[in-house]
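First the structure, in the form of structure tokens, and then the observations on it.
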Amino acid sequence: MFNFSFPMAEYNFAQIEQHWQHFWETHQTYQVSQDFSKPKYYVLDMFPYPSGAGLHVGHPLGYIASDIYARYKRMQGFNVLHPMGFDSFGLPAEQYAIDTGQHPAITTEKNIETFKKQLSKIGFNYDWSREVRTSDPNYYRWTQWIFQQLFQAWFNLKTQKAEPVASLIAQFEQAGNAEVKAACDDDTPIFSAQAWKNFSEAQQSEILLKYRLTYLADAYVNWCPALGTVLANDEVKDGLSERGGHPVERRKMRQWMMRITAYAERLLQGLDGLAWSDALKEMQRNWIGKSTGCEVDFAVADSPQSLKLRAFTTRIDTIYGVSFVVIAPEHPEALALATPAQRAEVEKYVEWAKNRSERERQAEAKTVSGVFTGSYVINPFSQAKVPVWIADYVLAGYGTGVVMGVPASDERDFRFATHFQLPIVPIIDQTKLEENGKVMEAYSEKTGRMINSAMLDGLSVKEAIEKAIQYAENQGFGERRVNYRLRDAVFSRQRYWGEPVPVHFENGIPKLVEESALPLELPAIDQYKPTPDGEPPLARAKDWPYETTTMPGWAGSSWYFLRFMDPQNAQAFVDKSTATYWGQVDLYIGGTEHAVGHLLYSRFWTHFLYDWGCIEHKEPFQRLVNQGMIQGMSALVYRVKDSNQFVTAQLKDQYETQELHADVNMVENNVLDIEKFKAWRTEFADAEFVLAEDGKFHCGSLVEKMSKRWYNVVNPDDVVAKYGADTLRLYEMFLGPLELSKPWNTNGIDGTHKFLKKLWRLFYTDQGEWLVEDSQPNAEALKVLHKTIKKITDDLERLSFNTPVSEFMICVNRLQELKCHQKEVLSPLLRLLAPFAPHITEELWHRLGNSNSIHHAEFPKAAEAYLQENSFEYPVQINGKLRTNLTFGVDVPTATIEQEVLANEIVQKWLEGKSPKKIIVVPKKIINVVI
RNA sequence: GAUUUCAUCGUACAGUGGUUAGUACAACAGACUCAGGAUCUGUGGGUCGUAGGUUCGAUUCCUACUGAAAUCACCA
């Protein structure tokens, strides 16, 4: 049945791996069963964007870990779902299309094939029959469908869940919107039932958009001129686009938005139940940025319209220290507050602030700028009259866009007040003062007692906050309020290669495309760039009556984990009972770069789909592990200045040299292959080399990002060709803990390869003679085996993938010492190792005479019986120093041990006749006699 | 600045309130070989970041400091 014709003397990984990969594919070894009676386990990798560059050794790290875990769980009897797919919409393919005119679908298809070919060589146990691609119309039809559901939903704050818009309309018709508590736009007007009925269709549509979970709105967005599109907040880093690093500016545009803020509280609370790293949860908490405080009204003095400015603060206790109020330049009342005398200056400032890019604004965060409006407001607590300023350190999008300036207790306010010479009054007794009584620096701690604060004097900060809020609420000029830093997400992209938004417009009113018309497929267009008058690429399509922006990259990835459960379903995005069976992803492995993007959006959509009754779980990913980045280890050579002479690393300090990067593929264990180096580039062809004492040329090394630019990219294909997939898998795990970032250094790979050879030697002599015996193994060998089983199982349970490799090495070394070749030991050992090294174990498993796949065999269980000892040799310490060893049975009572220890000759000698103060017996550990 | 994580042979990682702190690579020596490679055998190498504390006993627990990494950072 199996062809074992190749030589057995050597471990021939190339033949073994090719043979079994083919076997698994033809026998569909990894196809997931639809048997819902078995316990399920869902192991998922973050699916990749198929870039043209292909894989480097960093990519498979997480895939290998999840692959091992999935195999482990299957061997334990779970029905394991372990799929793979592609996040195949995205910018690079589109950029390439703009440059070459080639349709992005074609390049994407090509890239996916490359990826799959590379992945297949590593021996993953993906069920490829479940593959999904976000750019496939059969897939994005459901992305569009989910979008439509969000459009038809509003978030009821009373029930804390999404409900159909129809129920909202019913309420409007009954009683207007005064009693409706909903997550909605801040500028939503209050109207009566009658008013609602009198609204035109367009007006009603506008109102409803303020409630829908996906909606059109004029918003300040991150516009990236270089990419020609808007970006979400998490796609912008330090004022530059995450992709490409282009400048980003603020621009007001009408955009599709996602009302993720509706779920802010649930997204925050939900974190508590998840088995994610603290760091990651903290990042999400920071991003959501909940702050509890109070809104308070400042009436504008001498205002004919009795205008009020509402400020948000977490420190209402400091209200008596307010010496000014600042509003954001974008604040709607900014110009209205300008007195005639100040008007010109205010206009100038607002104009200036508007045109500043996000980057400039952040880069100059420490420089103070602002302008006085000429208006004053009344502090409702003290009745003090304070000036109103406009400054761009106040953000329009957070809170109310109005800040009360308390320079003595806020650093930014302090800087502002100092710069514009506004009064600074200390209101907490801990505030540091100069000798002349001036405030030295802002005191922003929440400890101390209030001073100069009338009714709050003497209270602690906490008490003062509580009292002030209650006072404000009683007096009707303020209320308790929770704010989130989280913003609604911009959902429009002015690009081609994304999901079309399934909406058309009738007289400017957005209407959903009929569900039966989905998928709304991407139209063919002549060029992939914007139209000459700046419209998105889809505006080029003939007869395209639909929305011209497309969805962002995160749309398709926000629910793909659900599609894997039921990838072919044409009736629904996932069958509900199937989704109920598979439920949450039990283990999700991926990079930390998606901490606040993908992982937050996916949680949002999953919460929504739960509310909508489509699935029965709220949180998509129960346990999540962030694998670390694999960095590159660059090789450096040192060239003597102005010459073609190179110096070995040890001697470089004796010369004046410059560093050059050499390709790491010409370097082994830091030794440069000089011939390859000379052939690498013509300019090096006749280079000279100053060698080290050992006659070799050594390179320096440097850890940096793996990148073509540094010639330090290692392709897994090359490693597989040289050592085999099993070695690559073991080595990637052996490099270190999964979560840690670590450099790829091929130096150690020999070690893992040798290990596999040693394993082979347990089965065959170097002459190819079969060594395996059916005889009974001795107790020692069994102990080694079961100790290993226990350790490996424990390690896997806590997702430690590097330690088992070292444990396997110890085990094989020990078995070799013991000359153990018994089947009864080797068979469980193979099953134990199978998740890590699936090819060699499958091969040896069949050579042991098995006909089923080892990957469907049972994972061995540790038997305590083999691990137990019946006696223990105790180290005996006198005052913490080892003096002798004594052996006792494990069940001897400590009292007996104490007696016998004291009676012992050597102990007696050390006691020198004194009686011991204390005697400590730790069972199976140690005995310590204290004198 | 805030939060989180971390610090153990030359390097990368294990490990532990308790005897002599392990594994791999690298280094060194030997066997085999014409030689190299491969293989095998053996050897050396660590005050467990620094300083305190708890304890009979601390590399392990606690505190401070130092250093490193990641994320966030005008969010009122």
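We name chains A, B, ... by the order of the sequence lines, and we start the count at 1 in each one.
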Q: Keeping the roles fixed (side chain from A:T788, backbone from A:C811), state whether a donor-acceptor pair exists under 3.5 Å.
A: no
(Q) Strictly below 4.0 Å: does A:Y393 bring a side-chain N or O up to OP1 or OP2 of B:A76? (A) no
Q | Plane angle bin for A:W760 and A:Y11 - parallel if under 30°, tilted between 30 and 60°, otherwise perpendicular | A | tilted
**Q.** Student check: side-chain heavy atoms of A:F324 and A:F420 closer than 4.5 Å
**A.** no
Q) What integer distance in Å separates A:I926:CD1 from B:U60:P? A) 17 Å
Q) Can a side chain N or O of A:N802 be found less than 4.0 Å away from OP1 or OP2 on B:A12? A) no
Q: With RNA chain B as reference, determine whether A:N813 or A:S800 sits nearer its 5' end, using the nearest nucleotide of each.
A: A:S800
Q. Is a side-chain N or O of A:D488 found less than 3.5 angstrom from the main chain of A:I260, in a donor-acceptor match?
A. yes
**Q.** Proximity to the side chain of A:F312 - top-ranked nucleotide from B:A76, B:G22, B:A73
**A.** B:A76
Q: Please tell me which of the listed nucleotides, B:G22, B:A24, B:G18, lies nearest to the side chain of A:I920?
A: B:G18
Q: Report the distance from atom CG of A:L799 to atom C1' of B:C13, rounded to the nearest whole Å.
A: 17 Å
Q: Can you tell me the pairing partner of B:G22 across any strand shown, Watson-Crick or G-U wobble, with both distances under 3.5 angstrom?
A: B:C13
Q.
With hydrogens left out and only the distance checked, is there a donor-acceptor pair under 3.5 Å joining A:Q877's side chain and the base of B:G18?
A. yes
